[in-house]
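What follows is a set of notes on a single structure, which appears directly below.
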2 protein chains.
Amino acid sequence: MDVIKRLQNHNIKPSVQRIAIMTYLMEHCTHPTVDEIYTALAPSIPTLSKTTVYNTLKLLSEQGAAQILTIDERNTCYDADTTPHAHFLCKRCGRIYDVDINADGKQAEETDMNGHEVQEIHYYYKGICKSCLENERLTEITNN
Amino acid sequence: MDVIKRLQNHNIKPSVQRIAIMTYLMEHCTHPTVDEIYTALAPSIPTLSKTTVYNTLKLLSEQGAAQILTIDERNTCYDADTTPHAHFLCKRCGRIYDVDINADGKQAEETDMNGHEVQEIHYYYKGICKSCLENERLTEITNN
DNA sequence: GTACGTGCAAAGAATTTGCAGATAA
DNA sequence: TTATCTGCAAATTCTTTGCACGTAC
């Protein structure tokens with residue numbers, strides 16, 4: 001989708017900085033932190049400040065154009081994909097993967113919320129990712 | 001369960017400070033922050049330092065005697081209940097509630113993890129809690 | 001020209017680190 | 001004794017705030 005349209009759909013005026021940050025989020029599904037976004041964009045927008053990255057990400061999340069992930073204890077991450085899906089954090093490499101929620105197992109609808117009104121759902125899994133598991137096996141073989 | 005036994009079961013030597021913090025966690029299912037624990041215990045242990053609270057909670061979570069919650073963006077919270085259950089954060093009052101996971105809807109087992117090895121599961125819901133919803137209704141009635 | 005957006009510098013808050021003294025087996 | 005635990009102070013990191021300048025309509 002057109003980035004400018006997407007911003008406008010969420011009542012966000014498309015400035016150069018906002019377009020760049022939104023574009024970065026949409027093209028990199030790595031769930032970047034503020035620092036990663038800043039470091040990636042600073043070369044092409046030399047005047048960019050971290051404050052603006054903070055401001056913009058706050059705005060994006062408030063307007064529903066992106067969501068905040070708190071899966072990583074160290075840093076807040078951001079995700080432009082606001083459709084229902086879960087996240088997996090690898091404790092070894094630190095990467096965050098998207099995970100599809102099984103359509104049969106819509107946890108929220110089946111869970112008794114005791115009368116609470118649910119507005120946001122975050123499913124986080126943590127462990128060792130496939131890639132790190134494979135590297136581990138290779139290392140074991142090489143060492144034997 | 002006996003707090004000292006529980007600590008020992010997780011290979012943690014039971015000092016006065018550790019017993020106090022573990023006890024507090026087990027008796028208060030409010031998912032407290034470091035600061036809340038420190039403030040609550042400081043009067044009875046005047047020499048207690050925040051560093052020790054940090055050290056102890058880190059130790060407890062590393063040894064599996066407690067778990068870290070990152071549901072609240074502002075502060076890290078801790079939970080002595082390490083059995084599978086979900087959490088609900090009220091955006092209005094900030095309270096965190098325990099929510100049972102419906103046995104029929106074991107999300108993790110039904111979700112295709114793409115080969116990743118899952119070690120931890122965190123289900124977070126956010127919205128307005130029952131109590132705040134009721135207060136809202138009362139206020140509306142009173143104002144009309 | 002007026003409202004909004006940006007970015008610097010400073011402040012604030014949460015957490016970690018270094019280290020010396022206290023404690024316990 | 002000897003290793004471990006504790007807690008002060010300082011450092012570090014992440015994030016927010018205040019404010020002046022720039023920009024766009």
Side-chain angles (χ1 to χ4, degrees), chain A residues 3-4 7-8 10-25 31-63 65-78 89 94 96, chain B residues 3-4 7-8 10-25 31-63 65-78 89 94 96:
Chain A
V3 174
I4 294 176
L7 290 173
Q8 288 169 339
H10 290 279
N11 294 311
I12 297 168
K13 284 194 190 171
S15 71
V16 170
Q17 290 87 341
R18 290 171 178 176
I19 294 168
I21 292 168
M22 186 80 240
T23 303
Y24 186 86
L25 264 188
H31 315 88
T33 61
V34 166
D35 199 64
E36 281 164 11
I37 296 170
Y38 172 76
T39 305
L41 298 181
S44 50
I45 310 176
T47 62
L48 185 69
S49 81
K50 249 183 201 178
T51 303
T52 297
V53 181
Y54 274 106
N55 287 340
T56 302
L57 290 171
K58 190 182 178 189
L59 187 64
L60 292 178
S61 61
E62 282 171 353
Q63 300 297 327
Q67 68 171 318
I68 295 172
L69 303 185
T70 57
I71 190 172
D72 188 338
E73 286 153 34
R74 304 185 143 278
N75 290 300
T76 306
C77 304
Y78 293 85
L89 169 69
I96 297 172
Chain B
V3 174
I4 294 176
L7 289 173
Q8 287 169 340
H10 291 280
N11 294 311
I12 297 168
K13 285 193 190 170
S15 70
V16 170
Q17 292 85 343
R18 289 170 180 177
I19 293 168
I21 292 168
M22 187 79 239
T23 303
Y24 186 86
L25 264 188
H31 315 88
T33 61
V34 166
D35 199 64
E36 282 164 10
I37 296 170
Y38 172 74
T39 305
L41 298 181
S44 49
I45 310 174
T47 61
L48 185 67
S49 80
K50 249 183 202 177
T51 303
T52 298
V53 181
Y54 274 105
N55 287 341
T56 302
L57 290 170
K58 190 182 177 188
L59 187 65
L60 292 178
S61 61
E62 282 171 353
Q63 300 298 328
Q67 69 172 316
I68 295 173
L69 304 186
T70 57
I71 191 172
D72 188 338
E73 287 155 31
R74 304 185 145 277
N75 290 300
T76 306
C77 303
Y78 293 85
L89 169 69
I96 297 172

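Computation of the quantities below employed the complete heavy-atom set of this structure, encompassing side-chain atoms and omitting hydrogens, waters and symmetry-equivalent molecules. Just so you know, these numbers come straight off a predicted model, no measurement behind them. By convention in this document, chain letters (A, B, ...) are assigned in the order of the sequence lines, proteins followed by strands, and residues within each chain are numbered from 1.
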(message) What residues from residues 39-56 of chain B pass a heavy-atom cutoff of under 4.0 Å to DNA chain C?
(response) B:Thr51, B:Tyr54
(request) Would you jot down, in residue-number order, the residues of residues 10-22 of chain A having a non-hydrogen atom under 4.0 Å from DNA chain C? (result) A:Lys13, A:Ser15, A:Gln17, A:Arg18
(request) May I have the step-by-step check of side chain to side chain contact (heavy atoms under 4.5 Å, CB included) for A:Glu36 and A:Thr39, ending in yes or no? (result) CA-CA 5 Å; A:Glu36 281 164 11; A:Thr39 305; 5.9 Å; no
(request) For A:Cys77 and A:Ile96, work out which heavy atoms get closest and say how close. (result) SG-CD1, 3.7 Å
Measure from [atom1] on [X] to [atom2] on [N] and round the result to the nearest Å.
X	N	atom1	atom2	value
B:Tyr78	C:dA14	OH	P	13 Å
A:Arg74	C:dA14	CZ	C1'	13 Å
A:Leu57	C:dG5	CG	C1'	15 Å
B:Lys58	C:dA14	NZ	C1'	15 Å

(request) Could you check whether B:Asn75 gets within reach of a base, just the sugar-phosphate, or nothing at all, counting any heavy atom under 4.0 Å? (result) sugar-phosphate
(message) Quick check on side-chain contact (heavy atoms from CB on, under 4.5 Å): which of B:Leu60, B:Leu59, B:Val53 does B:Thr56 satisfy it with?
(response) B:Leu60
(request) Go through DNA chain D in 5' to 3' direction and return only the first and the last nucleotide with some atom under 4.0 Å of chain A's heavy atoms. (result) D:dC14 to D:dT17
(message) Using 0.5 Å steps for rounding, measure from the NZ atom of A:Lys58 to the OH atom of A:Tyr78.
(response) 10.0 Å
What donor-acceptor contacts under 3.5 angstrom involve side-chain atoms of residues 67-75 of chain B, with partners at least two apart or in another chain?
unit_1	atom_1	unit_2	atom_2	d
B:Gln67	NE2	B:Asp81	O	3.1
B:Thr70	OG1	A:Thr70	O	2.6
B:Asp72	OD1	B:Arg74	N	3.0

Show which side-chain atoms of residues 11-25 of chain A pair as donor or acceptor with protein atoms under 3.5 Å away, not counting sequence neighbours.
unit_1	atom_1	unit_2	atom_2	d
A:Ser15	OG	A:Arg18	N	3.2
A:Arg18	NH1	A:Lys13	O	3.0
A:Thr23	OG1	A:Ile19	O	2.6

(request) Report yes if a side-chain nitrogen or oxygen of B:Thr76 is closer than 4.0 Å to either non-bridging phosphate oxygen (OP1 or OP2) of C:dA14; otherwise report no. (result) no
Distance-only donor-acceptor hits, side chain of residues 42-50 of chain A, under 3.5 Å, sequence neighbours excluded:
unit_1	atom_1	unit_2	atom_2	d
A:Ser44	OG	A:Leu41	O	3.0
A:Ser49	OG	A:Thr51	N	3.4
A:Ser49	OG	A:Thr52	N	3.2
A:Ser49	OG	A:Thr52	OG1	3.3
A:Lys50	NZ	A:Asp35	OD1	2.6

